[in-house]
Novice: 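Handing you this structure, nothing more for now.
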Amino acid sequence: MRVHPSSTLALWAVLLGSGAQLEDCKRWQDLDSKVVHKGGTVVLGGMFPIHSKGVEVEFNLRVFRWAQAMVFFIEKINKDSSLLPDVTLGYRLYDTCGTVGMSVRTAMSVLSQPLKGTEGSCGSLSIPLIIGDSGSTLSMAISRTLNLFKVPLVSYFASCACLSDKHNFPYFFRTIPSDMNQADALARLVRHFGWSWVGTVGADDDYGRTGIDMFTAAVSKLGVCVAYRVTIPKLPTKDRLREMVKTIRESTAQVIVAFAIEEDIQPLIQEIVRQNVTGKQWVASEAWVTSTLISTQENFVSLGGTIGFGIRRAEIPELKHFLENIDPLATPYNPFAREFWEMQFECSFNTTVPLTSTAELPRYERTCTGAERIGETDSIYNDVSQLRVTYNVHKAVYSVAHALHHLLGCQVGPAGGHCGDPQALEPWQLVQYLRDVNYTNSFGDTVYFDRNGDPVGSYDIINWQRGASGPVKYVTVGRFDATLPFDQQLVVSQGDIVWHGGKKEVPVSVCSISCPKGSRKATRMGQPVCCYDCVACTEGTFSNATDQGECTPCPEDFWSNVKRDSCVIKETEFLSYADAFGLALAGTAILGTVCTAGAASIFLRHRHTPLVRANNSELSFLLLLALALCFLCALAFVGRPSVWSCRLRRTSFGLSFALCLSCLLSKTMVVLMAFRSTMPGNQTARWFGPVQQRLGVFFCTALQGVVCAVWLTTAPPYPVKNTWLYRDRIILECHLGSVVLFCCVLGYIGGLAGFCFLLAFLARKLPDNFNEAKFITFSMLIFCAVWITFIPAYVSSPGKFTVAVEIFAILASSFGVLLCIFAPKCFIIIFMPQKNSKKQLLSKRTTNKRSLGYRVFAVLALNRQQSALSCQVRPPRCPWDFPVTSPRVNMVHINRNENMYTSLCLVIYSFLRNFPP
């Protein structure tokens, strides 16, 4: 169903007039007298803010060039018979003055053209498409009006991302990239130069607000913070301007990103120049980066080095000639050309043709002749060095021409392809083909619209530079192309950039200095994330890049170096032979083995002496062997832990000490049982003969062997890397495997030691010359003291010192047994051989008749005369042959109740009877 223009006008009258008093309503002045018109088969509308409000010079030469360029492109298309044969394009150019009200009036004027030409009858719209407007806010207002008639609007300079919303703007197209692309490109440009602290300036319209919002969102994802946001009102007061400049001047942010058109940012720039605010690096949006109104020599002091994204430019042949050969009075009449001519040459035409302009023009005294030459002037109008927006107008006009070409040629389109009648062309027919436009222009660029009606995002990076005293130049120093791969989209020739103040170094704009490697950023309380302190990474973490938010933990087997910028392999620690402490312990163990071997050799060499024979030499040699094994097992604890060494450590320790303590226990029990025999005829000593002693030692040791065998088969010890004790190094140690079985081994050794100590303690008061039980008591006292203190020391010792404590306990207890048991005897054998005799064994150095030796001698002598008084069965041969020469022997009173002294005979006889005299 087609909507009649009359109903639309009524609707707009209600919408625009609602809320207004009747007396405030007035008829709008017809705009047809203020347009540039040329008829054709298909007439295209054009909207340009030729008179820009808020600018000191109201007639905008730059925008006028855009309008003239549209005329030039349409005439070129009409001359090209291959593009639109038998079809002539016309145009109607309107001046919207850069205001929403005038833009809406222009749209209403376009829609009402059928009523004006047919005396109120309804017909097809004579203008099926409009090219314009330059501002995003203006285009939004126009597009909402044209939506009712499905009239497409192709903008050349409205870049607001909000216009990509096809729900609200289904018939809107544009040849300038969306600000979504520009905001993302600006954010990446800011991050490229290392700026993390920037300020933003935006106009109080859809273009400025949306652009700053998108830039802030994009730049925040890259770790950049916005220090402040300044919004420029459409009509700023002087106080407001001073307040905005104060914010910019006092901020520590040295980079300013501005989203505004030249008309809006001009008052702020003038105030900045007036207050001589310098040292700031400006980043411009495409709306003013190539504006000659802003890039003046007066403004260059504050804006020098400005960088920003500009629309892609093109070199358009013959355009300069067309612009410079304009005729202000030619047909069709162009009131804007006449106004431009009078303003440019400061003269007035003496003609009766009225100057219908949307602005009040001054009257000059000098009369224009029409022979003045524009080519002899230098203005932005005939400056074709930066044809960027003009190039967008070119793409808009030619896109419409290509859509008309396919439509009128009945090319199948997305909606089925309806053949259009050039005399009655419906706007909605053209929309379908606009969406399908895809061509390569004469400049080699591919032009098409995406599903949102937007072109591809492509920009040049512009840098403001100036020589010694020349004009400001727009130097291309890079590009951005969204069609390329991500890592190739942004290309910057950093060496070609001249920054503010003529410097070549990139300016710095950060809230906090960059954190070096080995540190991280710690955000300050209540401030943006870009304001932080640098904190050194903790041990075990590192950062190998600057400005890292968190330090990265090192892998399990690695540790951070001193600078905390990398990880190195952790130092492995174990008690080795290379350590002085380990070498000392190993030397001590070898010394103990040598001493044990020395004692064994002494006992072996003097095995026939009374001292050796009286000390049960068989158990003594077995004890020395056990002590040697105890010393040697300490060596297994030194060195790098392995599977075999871990198992050897525990089993050798348990078996060697079990053998040692079994020998000591057997010796102690023999001595104690012998001395506890109360009667001379007591047979208790018979149960502690050599065979029984061997069996006892074997049984006690075998029991420990069973425990070790179960340990090795079920849960043997194994090497392990201890990474939880120290964070900076790895302790190589042996895991117990089964703590319960290890406690069983230790408990068994402790039980043997305790039992042996108890028996030796009971026999500690034996006679002076036969005090082996006393030595065993001392040795067991040392043994128990060492291993009792071993437990807390073992638990509290860290790392390799745990093994050292264990070795020390083994060596200390072994040396205690060796020194207490064998050192006194070896000392007598080597240094006091005169005491190694039967006489000294049975007597004391004193002549006390109550001494043990005297009593034994008397008893044994009496036994030879009285048929072995001390034994029920006399032995066939007495172990010694002492002559009874003492005249007082018969005077010896032997008290049979003195059982302890009498039992000595049995002990000595028991020890010596198996050896020849």
Side-chain angles (χ1 to χ4, degrees), residues 1-20 25 28 31 44-49 53 92-115 124-176 178-180 203-211 213-214 234 261 396 400 426-432 434-435 449-454:
M1 181 182 70
R2 190 172 67 185
V3 181
H4 297 303
S6 57
S7 61
T8 303
L9 295 177
L11 176 63
W12 273 105
V14 173
L15 293 177
L16 297 177
S18 60
C25 297
W28 278 352
L31 299 178
L44 304 182
M47 295 184 179
F48 300 91
K53 301 298 183 181
R92 290 182 68 86
L93 305 183
Y94 294 84
D95 178 16
T96 62
C97 297
T99 62
V100 175
M102 184 61 72
S103 297
V104 173
R105 286 182 60 186
T106 302
M108 299 286 287
S109 179
V110 171
L111 295 175
S112 63
Q113 289 302 313
L115 294 177
S124 298
L125 289 176
S126 59
I127 303 178
L129 182 142
I130 296 177
I131 295 177
D133 197 343
S134 65
S136 297
T137 302
L138 306 181
S139 297
M140 292 171 65
I142 297 171
S143 183
R144 288 191 177 100
T145 304
L146 300 180
N147 284 347
L148 297 173
F149 294 92
K150 300 182 180 180
V151 176
L153 177 67
V154 182
S155 176
Y156 51 87
F157 206 33
S159 59
C160 180
C162 54
L163 289 167
S164 298
D165 183 4
K166 293 292 100 177
H167 178 73
N168 294 321
F169 309 101
Y171 309 111
F172 178 81
F173 300 86
R174 55 184 164 191
T175 56
I176 184 173
S178 169
D179 282 340
M180 183 174 297
D204 190 14
D205 54 16
D206 294 291
Y207 172 74
R209 289 191 298 267
T210 306
D213 289 341
M214 291 188 301
K234 287 297 181 180
I261 60 176
V400 174
E426 296 292 342
W428 62 267
Q429 294 176 318
L430 190 58
V431 171
Q432 305 300 327
L434 271 175
R435 293 171 180 169
F449 301 106
D450 62 14
R451 61 181 182 179
N452 296 322
D454 300 329

Novice: Taking Ser139 for its side chain and Asp133 for its backbone only, find out whether a donor-acceptor pair lies under 3.5 Å.
Specialist: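 Such a contact is found between Ser139 side chain and Asp133 backbone.
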Novice: Can you name the residues that form a side chain to side chain contact (heavy atoms under 4.5 Å, CB included) with Asp213, not counting sequence neighbours?
Specialist: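 Asp213 satisfies side chain to side chain contact (heavy atoms under 4.5 Å, CB included) with Arg229 only.
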Novice: Taking side chain as C-beta onward, heavy atoms only, is Ser109 less than 4.5 Å from Tyr94?
Specialist: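 Side chain of Ser109 against side chain of Tyr94, heavy atoms only: contact under 4.5 Å found.
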Novice: Cation-pi check, Lys166 to Phe173: give yes when NZ or CZ is under 6.0 Å from the six-membered ring centre and within 45° of the ring axis, no otherwise.
Specialist: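 Yes - Lys166 lies over the ring of Phe173, closer than 6.0 Å to its centre and within 45° of its axis.
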Novice: Atom OG1 in Thr96, atom CE in Met102: separation rounded to 0.5 Å?
Specialist: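 The CE atom of Met102 is 8.0 Å from OG1 of Thr96, to the nearest 0.5 Å.
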Novice: State, to 0.1 Å, how close Leu153 and Gly132 come at their nearest heavy-atom pair, and which atoms those are.
Specialist: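 Residues Leu153 and Gly132, closest heavy atoms: CD1-O, 2.9 Å.
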Novice: What pairs with Ala396 under side chain to side chain contact (heavy atoms under 4.5 Å, CB included), at least two apart in sequence or on another chain?
Specialist: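 Counting only residues at least two positions away or on another chain, Ala396 forms a side chain to side chain contact (heavy atoms under 4.5 Å, CB included) with Ile131, Val154, Thr175.
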Novice: Within the 4.5 Å heavy-atom criterion, are Pro49 and Cys97 side-chain neighbours or not?
Specialist: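 No, every pair of side-chain atoms sits at 4.5 Å or beyond.
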Novice: Compare every heavy atom of Met214 with every heavy atom of Met180, then report the nearest pair and how far apart it is.
Specialist: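 Closest heavy-atom pair between Met180 and Met214: N-CE, 3.6 Å.
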Novice: Name the one of Asp206, Thr99, Ile261 that satisfies side chain to side chain contact (heavy atoms under 4.5 Å, CB included) with Thr137?
Specialist: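 Considering Asp206, Thr99, Ile261, a side chain to side chain contact (heavy atoms under 4.5 Å, CB included) with Thr137 is found only for Asp206.
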Novice: Is the distance between the ring centroids of Tyr156 and Phe48 under 6.0 Å?
Specialist: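 Yes: the rings meet the under 6.0 Å criterion.
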Novice: For Tyr171, check ring-ring contact (aromatic ring centres under 6.0 Å, His included) against everything at least two apart and list the hits.
Specialist: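 For Tyr171 there are no ring-ring contact (aromatic ring centres under 6.0 Å, His included) partners, ignoring immediate neighbours.
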Novice: Testing the 3.5 Å rule here: is there a donor-acceptor pair between the side chains of Ser159 and Asp179?
Specialist: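 Indeed, the side chains of Ser159 and Asp179 share at least one donor-acceptor pair under 3.5 Å.
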Novice: What distance separates Asp205 CG from Cys160 SG, expressed to the nearest 0.5 Å?
Specialist: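 Reported value, rounded in 0.5 Å steps: 8.5 Å.
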Novice: In Å and rounded to the nearest 0.5 Å, what is the CG to CZ distance from Asp450 to Arg435?
Specialist: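 Result: 12.0 Å between the selected atoms.
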Novice: Side chain to side chain contact (heavy atoms under 4.5 Å, CB included) with Val151: which of Val110, Leu430, Leu111, Ile142?
Specialist: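 Result: among Val110, Leu430, Leu111, Ile142, Leu111 is the only option passing the side chain to side chain contact (heavy atoms under 4.5 Å, CB included) with Val151.
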Novice: Quick check: closest heavy atoms across Gly45 and Ile127, and the distance to 0.1 Å?
Specialist: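 Minimum heavy-atom contact is N-CG2, 3.4 Å.
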Novice: Contact between Leu129 and Leu434 at the side-chain level, heavy atoms closer than 4.5 Å - yes or no?
Specialist: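 Yes, close enough: below the 4.5 Å cut-off.
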Novice: Can you check whether Tyr207's main-chain N or O pairs, donor with acceptor, with Ser136's side chain at less than 3.5 Å?
Specialist: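 Such a contact is absent between Ser136 side chain and Tyr207 backbone.
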Novice: So, taking the atom named CD in Glu426 and the one named NZ in Lys150, what distance separates them when rounded to the nearest 0.5 Å?
Specialist: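 Output value for this atom pair is 10.0 Å.
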Novice: Mind checking whether Asn147 and Pro170 have side chains closer than 4.5 Å, heavy atoms only?
Specialist: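 Side chain of Asn147 against side chain of Pro170, heavy atoms only: contact under 4.5 Å found.
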Novice: For the residue pair Ser164 / Arg174, report whether a side-chain donor-acceptor contact shorter than 3.5 Å exists.
Specialist: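 Yes - a donor-acceptor pair under 3.5 Å links their side chains.
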Novice: Quick one, Met140 and Cys162 - any side-chain contact, counting heavy atoms below 4.5 Å?
Specialist: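 Side-chain contact under 4.5 Å: yes.
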Novice: List the atom of Met47, the atom of Ile130, and the distance in Å for their closest heavy-atom pair.
Specialist: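 Taking every non-hydrogen atom into account, CE-CD1, 3.7 Å.
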